[in-house]
Amino acid sequence: MSHFRGQSVETQAASGSDLPQPSAGPSQPYTNGRRPSRSPAPPSQRPSSAPGNKPGQVTSFTNGTITDDEDDEDDAGPSRPTKPPLLRSKSEHGLRHEHDDGGRMDEEHYEWGARHGFEDHYQSEDIISQLANNWYMYFTDKRHDSSGKPKSPAFEIQDWRMRDRLKTVSAALAICLNIGVEPPDQLRTTPGAKFEAWQDPTIPPVTKALENIGKAIQAQYETLAIRTRYKQYLDPSIEETKKFSISLRRNAKDERVLFHYNGHGVPKPTASGEIWVFNRGYTQYIPVSLYDLQHWLQAPTIFVWDCSEAGNILNNYHRFVEKHEQEEDENALRDPNYEKMTFRPYIHLAACNVKENLPTNPLLPADLFTCCLTTPIEMALWYYVLQNPLKTNLSPERAKKLGGRLQERRTPLGELNWIFTAITDTIAWTTLPRHLFRKFFRQDLMVAALFRNFLLAQRIMPVYNCHPQSYPELPDTRQHPLWESWDMAVDMALQQLPMLERKENEGIDYEYVNSTFFTEQLTAFEVYLTRGDAMSQKPPDQLPVVLQVLLSQQHRLRALILLGRFLDLGPWAVQLALSIGIFPYVLKLLQSAAQELKPVMVFIWTRVLAVDISCQSDLIKDSGYNYFAAIMKPQETFPVVGAGVRDEHKAMCAFILAMLCKGYKPGQVVCNSTDIMTYCLQHLLHPENPLLRQWSCLCISQLWQDLPEGKWRGIRENAHLKLSFLIKDICPEVRAAMAHAMTTFLGIPELTDEVARIEEGIAWTMLEMSNDGSPIVRKELLVFLSHFVLRYESKFLVAAYEQLLEEKEYLSSPPPEDGQDHKMGLHYAGPENREPDGTIKPIAYGVAHDSVFAACWKHVNILSVDPHPEVQRDATIIVDYVHHALVNSAVGTQAQNLMDDIVRRARKVTRGDMSQRTSVMGTHTVIAQPMPSPGLLKRTASYLFGPLMGMDGSNVPTPPASPRIQRSVSQRSRKGPSLDAAPPEQHDQATSPANYHVANEPSCNGYKERSLTAVPTLPIASTFLEWSIEYFREPQMKAPEADEPGSQEYNERLWRRARNEAVLRETQPQKTHARTHKWNSQIGIINNGAQPAKMTFHQFENYVAVADDGNTVNVWDWKQNSRKSRFSNGNPEGSKISDMKFINEDDQALLMTGSSDGVLRIYRNYDSEETVELAAAWRALTHMVPSNVNSGMVFDWQQVNGQVLVAGDERVIRIWNAGSELCTHEIPARSGSCVTSLTSDQMTGSIFVAGFGDGAIRVFDTRMKPQESMVRKWKDESRQWVRSVHMQRGGQRELVSASRNGTVRLWDIRMDEPLKELLATKDVLRTASTHEHLPVFAVGTSAHLVKVFDFDGHELSRLEPYSSFLQGSKGTPIASTAFHPHRMVLGCAARGGYHINLFGCGSERVGPSPP
């Protein structure tokens, strides 16, 4: 069912109005704008008019029992606060005495009852519960907003992958200590800092100290990146430095190298850009110019400078690089074959700035910078103890010995390392631009570790007057609030150190208490997801922490669920997660066998692939796709937190596998090597989940698109036949997906007879979709037909040529009205080529006679005048393409002559253009390309649609072996009622002919006209798959905005509900007043500017929609007397707007119009000329040509179940379901006359009544079989045209009929005779209207009179609508009358005038009734 996304409604009334109620339960996944059907919570209120209710009293249901609450409603409510309910407006329609708010009125007491046995409705809890819970909004789904067109992406796919990923493969550790010798410019304090790599060089044997320090530094670096090749160079000479530098670059090739320089035993770097090493005899310090070092090491490089005044190095390095690059450019100019050296990129991490010395504090290590970079946890513990303001007996040395291993996250040291990684990652994520973060924290393991640890150096060293420098420069992060979380984590760990020492030394039993850091950060992330920051797309600070938590089995499930909720926020969230590096983790987890992770993993992968399809190759690696293929198995039911695998997860798996195959042949090949297609085919018939059916179809379409092996597998599995079962699926998206799958099936390269037979069979099946109510389905059908036309182009040229011959034949000798026309079948022939029984002579058969190609071509012609602009546009492209090809073919000259002849003949036939949007040839070669003749289109449509819609109720379409089988289904006469049967006013010309297309015709959202200068090309590109993918980019876990208390939409809805209730409270007590007072109070006069032909009032807004006798609709605010909008309905000249209804009136209503050419159109924003749009349009009756005789089309809208009853000059009454956009019933009208009026029971929607042109009235019950559904028939011996038949929505539910001769009857559907019969006028009765709730009706006569009666037959008023004396005589007949559904307002208009008169019920009482 189409409705507000999952909203249920607690109370309803038979007012045709509708307000949504937010679901109280957890948000459910949506399927194409709808939730899976489930039983809603019990309704909290029943209609106010139910028996026993007093005004202002609410009868509520509690666990199936009924309790009357008056003043104590609050006591019965739940204990916790709930959302204010959006209740459906209550309209009175019950069995009770009316009371007036101001006390009892002095009028006569009037007892109300309900006709037709409908009192039972009010006493049946089942009916009331059904009414309360099954109210929906119609034509408000995503497909109606977009017509199946994808939005232009509001996001750009960022390249989150590391395309230029570098690794640090080699490292040179140059350690210039020269232990025991102080350099000349270094001032050492006594005592001073002595630890190098946590080693004391003064402890004997001193000769081994340098070697031990070298080994320690290498070991520290290995904890950062174990795979890098390290080499120590202890007190290196200048020659050795040059040699190892050149060797380092040679071995690393184009990868990154690390150069670590400890200059504690040599002079400081010079201001001119030199560092120092030794000569071979260690008698001199030798300078090494950075210029030379660059030449030896080249790039890419990373340097760590642990020496005083390291800022000098950074200042000079850039200058030397530029000098090198200049020289390289000069060399390249001199020698074209010269290979340039590269000196970028490079990274520097330096211990201090210019004129800064390393700290000599004896409590610190001498290589403080190196310790921060390579042993951050030990250094952080050491620093924490030194800086702790509280006195403790904990020394830095003890703190540094905190137990555990860095690699084991469950140990104290390992946990701190894990927390440190998460915190430094988060600090970088929140302070660095995204591209720098990815470059330094995600590209290279070594670089990421050094940069993370550099943030610690940035925090510690400024305390000791050293300011570490980096290139590229990082912002200062010392004040970041997360450092406080780090201090807390360190504090919690060190608090347990005494107990851990005792456990180790004394063996006491003690279990280390893990940090709460990650749990708290996940909670913070959860809070973020529920707050406005997530809605305003502010990136969450906790995202890097969530990434780290995925490493822990303990928190993994919670982290994944929160990550899924974050990705649900939209593509921006997916981009953020990918940019931070989430992808490798979720890829690795596909190898996990953990059952509880499967649902959330499916959800996360769905979100990722919906935004970035570039992950296809990753899914094939290590057979990751099997993870999803296994879940797709129909019988797969693993336990997921107490529930089985949900169908939504299978639908998501189908989506993931479809994306794997989309435009990616390796993906198609691996998926076709499994049973994925078999699983999808089994899911096609899944009864409950339309999303699963839709994506099973789309997955199949991607499995075999452009892959012959996939198509042959489909043939072996009878896929095309199984898909055809969905042709009448209740979900339009599923039908469109099936059409998409059929389209991609076409095109097996070897066109054998078997392939052609299968494809033709598919085409026969697909043609049934041309009468689908949903534009997205018809658009997909045209995509299919465009591929089919292209594949069999030559056969279509023959069919098109023979169609032109038929056009000419039809224009030269139209068919006689003998009822034998249908015997010619699909084609048309002149009388000389017909047998006596009406069939076409075999000798007159064309080459394409009765072929699928002729049928498809006729369907395309019919769709070229489709009421939906996009369907019409696509069909005209196919028509123009074929005609263009025909004119440029071997028979081009003859075809052009035929077209010219048809155009010449057609000019002689009076016909209007079929719409403002007509088929215009895009090329100059076929300027005279004719529109198909409307007459021929009508008979073609009558033939084509009749049998297809006349199939039995089963959903098993079987392509007919030959069109003859199809034709035999419908042998009924197509002869319409003759002109004599129609009343003369049907074609009277009291006014000048109607004007057409005088206002703009609304189009659908995002409609683009085709280029009329470009040559048409096929195939038409489908947008349906891209549009369907968008579903997985939209938030599904969040309640719709209209369900969120406090949101603008929610508040607007509450306001509308209060307004609606106020209207009902005001109008409910007016019954007695309305039937005892005159309706002669003039409320206003509206100058419509055109002849008013039809009027309808909105229940709650002050709007009246007025249609003229052409195709223009005006919407007026009748209280303000101001026009809100004016637009063209688009029905062709010669037709008229038959009726209009407001739908979804309790909320934001839509306007439904029906025109006499059989088309229903639905408009949103109908009250604004700027924003009015076509939400839906389809041909509800399939005769194609406007008719100015008989009734054209009449329809009735049932809000209670979303059905449109449509009837007219056809022999059937069709019921279209708005949710499925399908014709669900074809009920035989059981009459040779046309249907002139329809009305139905608005409470249950199962009973409807039809009035006929021969005066008969028939009652139908849709719960019975179509052939048996007529349950009562009332004949009229005078055979007078029934002007109106109307069943009230409220009040006593009176059924009133009015015939052309002035006879008005009141009926009870249980009785054979009328309850009352009266002659309302002796003149011709032109219009009749019955109030929905008040006991009054009005008739408009041919003598310019409107009479108002009560149901007892007493005349209450006689009114003469105003007519301008310039616009005709006073005696013109009444053209239109309409009551407001609730208020005491009557609108009426006469022919020949532009004015609408509004009358109300005044205060003048009606005198005594005449005897």
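Just so you know, residue 1 is the first one in the sequence shown, and it goes up from there. Computed from a prediction, not measured in an experiment: that's the story for all the values here. Reckoned from all heavy atoms, side chains included, excluding hydrogens, waters and symmetry mates.
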Please collect all salt bridge (charged side-chain N to carboxylate O under 4.0 Å, His left out) contacts where either partner lies in [range], sequence neighbours excluded, each pair once.
range: residues 296-315; answer: Lys268-Glu309
range: residues 216-230; answer: none
range: residues 237-260; answer: Glu239-Arg280, Arg256-Asp444

Within the side chain of [X], is there an N or O that forms a donor-acceptor pair under 3.5 Å with the backbone of [Y]?
X: Asn279; Y: Tyr282; result: yes
X: Tyr664; Y: Ile613; result: no
X: Gln469; Y: His467; result: yes
X: Asn453; Y: Leu373; result: yes
X: Trp296; Y: Ser247; result: no

In chain order, what residues pass the side-chain hydrogen bond (donor to acceptor under 3.5 Å, both in side chains) check against [X], with sequence neighbours excluded?
X: Tyr346; value: His318
X: Tyr384; value: Asp491
X: Lys340; value: Asp329
X: Gln232; value: Gln218

Could I get the full list of salt bridge (charged side-chain N to carboxylate O under 4.0 Å, His left out) partners for [X], not counting sequence neighbours?
X: Arg405; answer: Glu408
X: Asp487; answer: Arg459
X: Glu182; answer: Arg188
X: Asp200; answer: Lys194

Exercise for the section: Taking the side chain as every heavy atom from C-beta outward, state whether Phe303 and His260 have any atom pair closer than 4.5 Å. Expected result: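 Phe303 vs His260: side chains apart.
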Practice task
Answer yes or no: is there a side-chain heavy-atom contact under 4.5 Å between Phe343 and Glu322?
Solution key: no
Problem - Residue list, side-chain contact (heavy atoms from CB on, under 4.5 Å) with Tyr291, at least two apart or on another chain - result: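 Result, side-chain contact (heavy atoms from CB on, under 4.5 Å) vs Tyr291: Ser289, Phe320, Lys323, His324, Glu327.
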Handout entry: Greater than 12 external heavy atoms within 6.0 Å of His295's NE2
Key =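 No - once you tally the heavy atoms of other residues, nucleotides and ligands closer than 6.0 Å, there are 12 at most.
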